2 protein chains.
Amino acid sequence: MPITIADVAARAKVSKTTVSRVLNGKGELDESTAARVRAVIDELGYVPSSRAVGLARGRTRVVAMLVPSLTWPWIGEVIQGAVDVLEAERYGLLLYTCNRGDESMRQFGAQVSAKSFDGLLVIEPEGTLDYIANLHRRGLPVVLIDDRDQISGEMPSVGTTNHDGAREAARHLLAVGRTRPLVITGPERFGCTQQRLAGFEAVFDEAGHPIPAERVHQGDFTYACGTQGVTKALESGKDFDAVFAHNDLSAIGAMQALLDSGRRIPQDIAVVGFDDIRNSAHTQPPLTTVHQPLREMGEAAARTLLAHFEGTPLPNRPTVIPTSFVTRASTE
Amino acid sequence: MPITIADVAARAKVSKTTVSRVLNGKGELDESTAARVRAVIDELGYVPSSRAVGLARGRTRVVAMLVPSLTWPWIGEVIQGAVDVLEAERYGLLLYTCNRGDESMRQFGAQVSAKSFDGLLVIEPEGTLDYIANLHRRGLPVVLIDDRDQISGEMPSVGTTNHDGAREAARHLLAVGRTRPLVITGPERFGCTQQRLAGFEAVFDEAGHPIPAERVHQGDFTYACGTQGVTKALESGKDFDAVFAHNDLSAIGAMQALLDSGRRIPQDIAVVGFDDIRNSAHTQPPLTTVHQPLREMGEAAARTLLAHFEGTPLPNRPTVIPTSFVTRASTE
DNA sequence: GTGTGGTATGGGAGCGCTTCCGTTTAGTTA
DNA sequence: TAACTAAACGGAAGCGCTCCCATACCACAC
């Protein structure tokens with residue numbers, strides 16, 4: 001039989017109220033009784049039931065995180081960042097995926113209505129943004145992470161400098177003498193794709209080497225789109241001296257296709273990725289890339305949410321954590 | 001103001017009890033009243049508060065998962081498997097990491113005492129096994145995943161065929177004519193390391209090519225240990241025609257060192273890994289490896305736990321899901 | 001002695017459900 | 001027609017906390 005606050009109260013010869021006060025450190029109470037109660041708590045090994053506390057207080061001290069899939073290599077980093085902050089603040093992290101499509105979202109919605117958690121962290125809510133925005137409007141505290149869609153402003157979010165990161169990549173390529181890059185993008189509808197493309201193109205424009213549309217291959221962040229983009233470009237005889245891929249996975253695919261075709265990296269073609277996933281340092285050759293501060297983004301998102309619980313209003317403009325540029329052998 | 005069961009009861013002109021019966025489908029009740037109640041529930045969009053249900057029933061419909069770190073590439077797969085099963089059964093998944101050492105465990109222990117969840121899934125509880133075993137003894141349902149330690153039997157667990165998987169790797173290497181493999185192991189204290197080593201050595205023994213201790217390099221599952229193992233072996237002039245690494249990451253490290261030294265893969269040295277992480281298909285050359293059924297392991301563990309909640313006793317012998325062997329260009 | 005103002009504590013009504021006992025009603029059966 | 005039964009439903013006591021609202025006590029002023 002688990003022990004309850006009543007057991008502690010009885011043993012310490014005080015009321016449950018007093019025990020509760022000791023537990024939560026509020027209300028004025030005599031130090032000697034407090035000490036006595038504390039002693040009993042230790043003696044009995046009493047820990048308040050989170051269920052009961054949750055009901056009584058109306059808050060669960062749990063935040064949910066909705067992620068697209070756990071098998072993308074970078075997602076784990078973001079979660080790790082969030083979980084570190086949450087655990088340190090004694091919050092729990094309930095994990096949901098939208099792996100099973102609408103059914104997932106339906107069940108997730110039920111959890112929201114059931115008030116299973118106090119707030120929500122969302123990674124890249126491809127296709128579910130409207131739904132999330134709706135929850136937000138109904139009062140659920142939400143922080144978006146890396147919202148690749150456009151609708152910033154409506155909900156608080158933390159993101160990174162996609163535009164500037166891509167600019168750096170472009171400047172670097174120019175610096176190592178490349179003027180005719182092939183670009184392999186992410187899905188067109190993603191905000192990050194648009195930003196990365198815009199930033200990259202702008203630099204080449206300014207340098208007097210505008211990138212023609214035929215050298216922009218629309219990809220989808222997969223390994224396959226990287227190989228495909230390069231293969232097609234080679235087949236159609238396009239002239240390019242570098243590849244800028246919108247994520248590392250497709251950059252690795254591109255490298256593979258280049259090597260298969262007998263090109264040397266970086267002598268013939270330089271390759272730059274985006275993300276800096278764990279593996280990028282270990283490719284052959286190691287991949288120059290734009291490092292995304294994934295962990296920091298997870299941390300910032302969690303901190304924003306927790307601050308909101310403490311009363312700080314949710315910021316209405318995105319928190320931006322800058323990328324950094326990592327030079328490796330694939331470009332020099 | 002959120003609507004409660006009382007609101008529904010009032011609107012449907014029945015008692016809370018009846019609404020509860022409709023909700024949970026138990027007790028006898030007239031189909032017409034049930035329909036009426038259901039209509040009101042829909043109309044009001046009522047969803048029972050999980051907090052209140054949890055308190056009243058004494059169960060949270062949440063299971064916790066304790067993982068060492070989310071940044072290891074394979075952990076995500078296991079979690080994904082578990083989360084898929086749990087979500088389908090309308091359970092939530094509370095994620096904890098033991099990233100911050102003892103402090104993490106202390107807080108985790110508090111959550112256990114607070115009865116924040118009904119059961120626990122643990123991945124590779126390096127160093128925390130005793131603690132977990134203790135919780136298990138005190139009545140917390142626990143299922144271990146890939147317990148790399150020895151203490152099987154005491155707690156239910158799901159694992160894979162480390163021994164047989166390594167045997168297959170060995171047989172494959174022999175089949176492609178390699179008789180002098182270099183082995184790069186995981187940490188010695190891990191059960192999986194011992195099993196993989198034993199299985200691998202046994203096959204070479206049987207084939208009349210016993211592996212001398214000097215060709216076994218103790219590693220730690222990192223990329224670095226792979227490069228190091230190979231580099232040292234080459235420097236000390238050891239004679240080997242293949243590398244068997246106990247995980248893919250170190251295998252990739254080994255490949256890197258081999259290529260750097262001018263060896264060709266697989267012509268000069270064949271390389272086999274263990275895990276089949278996402279990236280292994282995309283290395284240069286693609287890595288032959290022992291595929292671990294990570295996702296399936298996560299699923300099986302979750303299912304075992306849920307079955308236990310339904311009354312099925314926890315199995316006292318490990319659930320074993322076999323590895324499969326994936327042949328790629330690094331060996332032929 | 002009455003009044004006033006703290007300070008330390010207790011009582012008990014919730015929080016939103018579940019569930020154990022009834023109680024009511026209608027439908028048998030003798 | 002009385003007695004009994006089963007089906008359908010309601011009352012209210014929990015579950016283990018929190019927190020508002022007393023209440024008791026004491027010190028000090030008048």
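Chain A is the first sequence line, chain B the second, and so forth, proteins listed ahead of strands; every chain is numbered from 1. This one's a predicted model, so the numbers in the text were calculated from it and none came from an experiment.
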(request) Compare every heavy atom of A/P322 with every heavy atom of A/T160, then report the nearest pair and how far apart it is. (result) OG1-C, 3.8 Å

(request) Measure the angle between the two terminal helix axes of the helix from C/dG1-D/dC30 to C/dA30-D/dT1, five base pairs each, and quote it to 10°. (result) 70°

(request) Taking only the side-chain heavy atoms of A/S20 (C-beta and beyond), determine which of C/dT18, D/dT18, D/dC19 contains the nearest atom. (result) D/dT18

(request) If a protein heavy atom is under 4.0 Å from the base, mark B; if only from the sugar-phosphate, S; if neither, -; do that for nucleotides 9-15 of chain D going 5' to 3'. (result) BBBB-BB

(message) Could you check, using the six-membered ring where one of them is a Trp, whether B/F108 and B/Y131 have ring centers closer than 6.0 angstrom?
(response) no

(message) Under a 3.5 Å cutoff, is there a donor and acceptor pairing between the side chains of B/E103 and B/Q107?
(response) yes

(message) Using whole Å, what does the distance between atom P of nucleotide C/dT18 and atom CZ of B/R59 come to?
(response) 13 Å

(request) Determine whether B/N162 and B/F190 make a side-chain contact, defined as any pair of heavy atoms from C-beta on separated by less than 4.5 Å. (result) no

(request) Return the minimal non-hydrogen interatomic distance between B/P156 and B/H136, and the atom names on each side. (result) CD-NE2, 3.9 Å

(request) Would you classify B/K26 as touching base, sugar-phosphate or nothing, given that sugar-phosphate means primed atoms plus P, OP1 and OP2, and contacts are heavy atoms under 4.0 Å? (result) sugar-phosphate

(message) Donor-acceptor check, side chain of B/R61 to backbone of B/R90, threshold 3.5 angstrom: yes or no?
(response) yes

(message) Nearest whole Å is fine: how far is C/dG16 C1' from B/L44 CG?
(response) 15 Å

(request) Please confirm whether the backbone N or O of A/S32 pairs with a side-chain atom of A/D30, one donor and one acceptor, at under 3.5 Å? (result) yes

